[in-house]
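The sequence lines fix the lettering, A, B, ..., with proteins before strands; numbering per chain opens at 1. What you are looking at is a predicted structure, and each value in this text was computed from that prediction instead of being measured.
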Amino acid sequence: MTDYIAPRGTRDILPDETPRWQYVEQKFRETCGLFDYREIRTPTFEHTELFTRNLGETTDVVSKEMYTFETRGNKSLTLRPEGTAPAIRAYVQHNLGASLPVVKMYYIGRLFRYERPQAGRYREHTQLGIEAVGSQDPAIDAEIISLAVQFFKSVGIEKFELKLNSIGCPNCRPNYRKALVEYAADKVADLCPSCATRYEQNPMRMLDCKDPGCKAILAEAPKMTDYLDEECAEHFAKVQEYLTSLGISFVLDSNLVRGFDYYTKTAFEFVSGELGAQNAIGGGGRYDNMVHEIGAQPTPAMGFGLGLDRLMLTLDAMGVELPVDASPAVFLATIGPEAHQAAIKLLANLRRQGIAADMDYTGRSLKAQMKLVDKIGAKYAAIIGEDEINTQTASLRNMKTSEQKTIPWSELAEVLRSA
RNA sequence: GCGGGAGUAGCUCAGUUGGUUAGAGCGCCAGGUUGUGGCCCUGGAGGCCGUGGGUUCGAGUCCCAUUUCUCGCCCCA
């Protein structure tokens, strides 16, 4: 055993598992394509200020979970802890809004957060995300949510809960915040320590505290949805209306508060009962002010992110079988050095003609090679020994039916292609 | 940052009140007549028993520390 192991909170996805990941990623790409979202790839790290200024100074991510380091030139960089700010930074930097009314992007990227690992939580994880920039139409909110739903279903996840809320905007949220603070003012002493801090710094975060005491105290607290201004209320009603018309069921959750400060209006989260304590499989919301804060003219936007690692865990827990098969079509099993030499050339020909093929490179017996064919799951074994060399053929064995036919080398690719 | 559980072969795990050369199943490798996989049989390789210290005539087993993994809290995907 080596002393070198993957750093805490990171892990290897081994060759046996990667086909499942690739399959899910492919489904995501296809779904995004159906909704006309295009891929954007942004750097793994960004200037630290992008995150500190846009996610909120008091959020956990910014205050204690970022992987931040200094360059030789004393600039502070940070491994991206989330995907939205970088995507919007790119949108603004390249003025993407100038050429399209609504810019619809998706990304598949690794995110980094320095947290204590546990089930479904890693220090490096993969997130699939989408962002739509340029529309305040509640139909875009519904589109993004329905893209997520369609994607979940495409990989076999039917059971999940969609939680929905509106957290208002800078116009109406202060009123609610004030009402909440007034409600909690004489109860601070009874709240848990972290809620006492939240009361000071970010009162709305008290709403999703899991402490039973806090829950009881806040059960009677005023609700954001009762304080929405006319525009936000109408937007929220429309989102619900559209979702309903799309046949997407949801539950309103007035305690749903997203982790970053940039959200406005719509907030939503998908939770899976198949996961442990970390049961949020994806979530997102509207962030109508970020584009402006990053430096472009005010432009509404809406996005969604989902944790691929947690999605894979959910699939495992649900026992979903994905139709993946990474096995080659044929394995050349050879007897003796002459056959080995002939197979090298034959193998290259097959591959050039688009037939996935492999052969033995360890000098094993035919029997051992056949075992190997079985193990790697190749559909056919092409056996080449002295007889076959003399006749320029291969004994093509169907590993499932055990049928065996003599095929000339020149016809091998064609036979395999039509098999 | 704080709590609970666990580190014995590649994997999943046994290992009796501390007592000789540390085990099983699976996997791996080689055989079971000539050039043929799955099932079966036989044999083999592979372990500083996480690491360091301590108690003891003797430690995989007891004590301490440390480290890693794991589950949970905070929070999030």
Looking only at G38(B), A77(B), U36(B), the nucleotide nearest the R113(A) side chain is A77(B)

Note to self: Less than 6.0 angstrom separating the ring centers of Y37(A) and Y106(A), yes or no?
What the structure shows: no

- Query: Between R110(A) and E124(A), does at least one N-O distance fall below 4.0 Å, as a salt bridge requires?
  - Reply: yes

Scanning all shown strands, the Watson-Crick or wobble mate of G23(B) with both distances under 3.5 Å is C13(B)

Does K64(A) reach a base, just sugar-phosphate, or nothing at all? Heavy atoms under 4.0 Å.
base

Quick check on G37(B): is either OP1 or OP2 less than 4.0 Å from any side-chain nitrogen or oxygen of K367(A)? yes

Salt bridge R123(A)-E115(A), side-chain N to carboxylate O under 4.0 Å: no

Select base, sugar-phosphate, or nothing to describe what Q127(A) touches, counting heavy atoms under 4.0 Å on all strands. sugar-phosphate

- Tell me whether the OP1 or OP2 atom of U70(B) has a side-chain N or O from Q118(A) closer than 4.0 Å. no

- Query: Can you find a side-chain donor-acceptor pair between Q118(A) and R121(A) that sits under 3.5 Å?
  - Reply: yes

C69(B) -> Watson-Crick or G-U wobble partner, both distances under 3.5 Å, gives G5(B)

- request: Determine the contact category for R258(A): base if any of its heavy atoms lies under 4.0 Å from a base atom, sugar-phosphate if only primed atoms, P, OP1 or OP2 are that close, otherwise nothing.
  value: sugar-phosphate

Ranking R364(A) and K371(A) by the position along RNA chain B of their nearest nucleotide, the one closer to 5' is R364(A)

note: L256(A), atom CG; C76(B), atom P; distance rounded to Å ~ 10 Å

| task | Select base, sugar-phosphate, or nothing to describe what G120(A) touches, counting heavy atoms under 4.0 Å on all strands. | result | base

Inset, instruction - Under 4.0 Å between any heavy atoms, over every strand shown, what does Q369(A) touch: base, sugar-phosphate, or nothing? Just pick one. - result: nothing

(message) Using a 6.0 Å distance limit plus a 45 degree cone around the ring axis, check whether R80(A) lies over the aromatic ring of F51(A).
(response) no

Across every strand shown, the nucleotide meeting Watson-Crick or G-U wobble geometry with C49(B) (both distances under 3.5 Å) is none

Using a 3.5 Å cut-off and no angle test, enumerate the donor-acceptor pairs between side-chain atoms of residues 374-383 of chain A and protein atoms at least two apart in sequence or in another chain.
unit_1  : atom_1 : unit_2  : atom_2 : d
K379(A) : NZ     : D325(A) : OD2    : 3.1
K379(A) : NZ     : S327(A) : O      : 3.3

Would one find a side-chain N or O of R8(A) under 4.0 angstrom from OP1 or OP2 of C69(B)?
-> yes

Name the nucleic acid region contacted by D208(A), choosing base, sugar-phosphate or nothing; use a 4.0 angstrom heavy-atom cut-off, strictly under.
-> sugar-phosphate

* Checking all strands, does E82(A) fall into the base, sugar-phosphate, or nothing category for heavy-atom contacts under 4.0 angstrom? -> nothing

Please report the distance separating the P of U66(B) from the corresponding atom of C2(B), rounded so that it comes out in whole Å.
12 Å

* Look at all strands and tell whether I281(A) reaches a base, only sugar-phosphate, or nothing, counting heavy atoms closer than 4.0 Å. => sugar-phosphate

As its Watson-Crick or G-U partner within any shown strand, both distances under 3.5 Å, G60(B) has none

* Asked: Across the strands shown, which category fits E388(A) at heavy-atom distances under 4.0 angstrom: base, sugar-phosphate, nothing?
  -> base

D360(A) atom CG is separated from G35(B) atom C1', nearest whole Å, by 15 Å

